[in-house]
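This report refers to the structure that appears directly beneath it.
Every number for a ligand or one of its atoms is a count from 1 in the order of the listing.
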Amino acid sequence: MTVARTIIIFTITVSLVTFVAFFGRLPAFRNTPIGFLNRLFLIHIPSAFRKLDLALTNGRITNGGARLGNYLMHDKHPLVVIFFLGLVTACATLFLPTVWHLIRPHHKLLAFVLLPQPYIFLYLSAKSNSQTYITTLNHAEQMRHYPYDRVLYYPGTPCRTCKFLKPARSKHCSICKTCVSRMDHHCIWVNNCLGRGNYKWFLALLLSTGILIAYGAYLAYYSLSPLVHRHYLKYEGWYRYSPKQGVNTKSWFGYFDKKTHYFLIYTTIYLDMGGVRGSGVGLLALLTWPLPLGLLAYHVYLIWAGMTTNESAKWADWRDDMADGVVFLGHRQEDTMQEYRSAAPAREHTHASSHSSSSTSPFPTPPETSPEDEEPPTTWPLESRHILIRTRNGQPPKTLPSRIQSVAREHSFERVWNLAAVENVYDLGFWDNIVEVLSN
Ligand SMILES: [Zn+2]
Ligand SMILES: [Zn+2]
């Protein structure tokens, strides 16, 4: 019982710590105990340890640790990919031979189909993609995917490393050392940035991994339960595992205690019957399948909301600043919008000619850029009518930066208190958002 209990507690702890470490940084958990635990583990405890180490050894211990941590978190390396693939491979190698003779042919076939999928989708997410990375060769095309909403993205913003203007929804990744199109986030599990071109493979990776793990947990239960049911009545010492007497199951704690006790009993019997190879892997699968599927659910929410992980953090910043009363919403002058420009034949001709002249030369870098180069027409069906700015003193803006002055007037700005007042032009509606994500 003691060994089984140790395995169970260890597995649960690893699952919880993994959850807090990888999901605690999401903006959705910012003001929750999960976000607090994430900051405690990754910021407060290391900084307290660093102070202690500085006082005791002049920082000798933490310098080495910081270099290792920096390498693991901020450098491009395949260690986490190797760990992930190693874990899947090791679990499959231990588990399948143990239960193979206990499962029916259609389950064997299903296992054969499901097992390779995480490997394939991880490969597709990790390999460089001509759409994901922005280069001087595809930059002009990348500028035409999304309009600048003047809320999260402004035209004319250069990337100092890549030496070109950042397309809307892009972000420079310091690990991949390139600007990434429709940047979602840099994922250490696939050792690559996820954006336009490979985000759909990442979703497929989460789905296939979640299904594989959940199916593994089911197979462990399905294949071992006949053994357990055949043996548990005469199982030596079963009586020792029976629930504690005198537990008040009406109280919340008593109920929880009894359920936990039953869970421990069953897990212990399964571990005894199936061993670590069968039940140990099954238990790990039972406790970890919600991780990829939970992350997938979060990304489905992001798709529903028409935003990326990167943008969800930006929206969360705006929401906090709005609550502080320092954010002002302005209305864009209609003649500065693509929709109205393209409706005016004379202006359209002007823009067309300036566009053709720009395409004959390499894409210019600031400050020589013309407004047309900074904001070329896009194929996106929506265009922002809003401009959002924050002021330091919380007062309405008196003078606007020239970049904003050219598209809006001071008097059009009014204070906004919540995000409901702002339109998200990258949100086309749930189904169109899904189509957009899956087709790019
Ligand atoms: Zn860049
Ligand atoms: Zn990256």
Side-chain angles (χ1 to χ4, degrees), residues 21-27 42 67-85 121-149 152-206 292 295 298-299 302 307-314 362-369 373-376 378 403 437 440:
F22 289 102
F23 298 107
R25 281 165 74 184
L26 294 176
L42 296 181
R67 270 197 299 276
L68 179 68
N70 212 32
Y71 173 71
L72 288 176
M73 298 304 292
H74 303 292
D75 235 330
K76 197 142 176 154
H77 61 80
L79 292 180
V80 182
V81 175
I82 292 168
F83 167 76
F84 172 67
L85 291 182
F121 293 129
L122 192 143
Y123 169 75
L124 290 170
S125 308
K127 96 180 170 83
S128 63
N129 190 301
S130 60
Q131 279 290 306
T132 314
Y133 295 159
I134 304 172
T135 64
T136 47
L137 293 176
N138 68 14
H139 181 266
E141 181 204 338
Q142 296 277 7
M143 290 289 278
R144 287 180 167 73
H145 292 317
Y146 306 103
Y148 293 97
D149 63 350
L152 308 181
Y153 304 98
Y154 268 86
T157 314
C159 174
R160 272 176 285 173
T161 313
C162 302
K163 310 282 187 220
F164 48 57
L165 295 174
K166 287 181 179 173
R169 311 193 83 184
S170 70
K171 185 175 184 279
H172 184 86
C173 174
S174 57
I175 303 172
C176 297
K177 298 181 174 50
T178 179
C179 274
V180 176
S181 180
R182 194 188 178 274
M183 163 72 127
D184 193 274
H185 68 286
H186 180 91
C187 178
I188 56 170
W189 292 96
V190 303
N191 193 29
N192 198 6
C193 262
L194 301 167
R196 201 179 163 87
N198 67 350
Y199 180 63
K200 57 178 176 284
W201 301 127
F202 173 68
L203 299 178
L205 172 66
L206 291 178
L295 188 57
Y298 177 69
H299 279 275
L302 290 177
M307 59 187 177
T308 61
T309 303
N310 177 41
E311 289 163 2
S312 73
K314 288 172 184 269
F363 203 86
T365 51
E368 292 87 7
T369 51
D373 293 322
E374 290 183 0
E375 197 174 7
T378 67
R403 202 175 285 283
V437 160
N440 289 303

Contact flag Cys176/the Zn ion (ligand 2), N/O/S atoms, threshold under 2.8 Å: yes
At the Zn ion (ligand 2), what's the angle from Cys173 SG to Cys193 SG, rounded to 10 degrees? 100°
Checking Tyr148 against Glu374: is there a side-chain donor and acceptor pair closer than 3.5 Å? no
Taking the Zn ion (ligand 1) as the vertex, how big is the angle to SG in Cys159 and SG in Cys162, rounded to 10°? 110°
The complete set of salt bridge (charged side-chain N to carboxylate O under 4.0 Å, His left out) pairs with one or both residues in residues 173-196, sequence neighbours excluded, reads Arg182-Glu436, Arg196-Glu436
Find, among atoms of His186 that are N, O or S, the one nearest to the Zn ion (ligand 2), and state its name. ND1
How are the rings of Trp201 and Phe121 set relative to one another: parallel (under 30°), tilted (30 to 60°) or perpendicular (over 60°)? parallel
Distance flag, aromatic centroids of Tyr199 and His185, threshold under 6.0 Å: no
From the N, O or S atoms in His172, identify the one nearest to the Zn ion (ligand 1). ND1
Under the 3.5 angstrom rule, does the side chain of Asn440 hit a backbone N or O of Val437 as a donor-acceptor pair? no
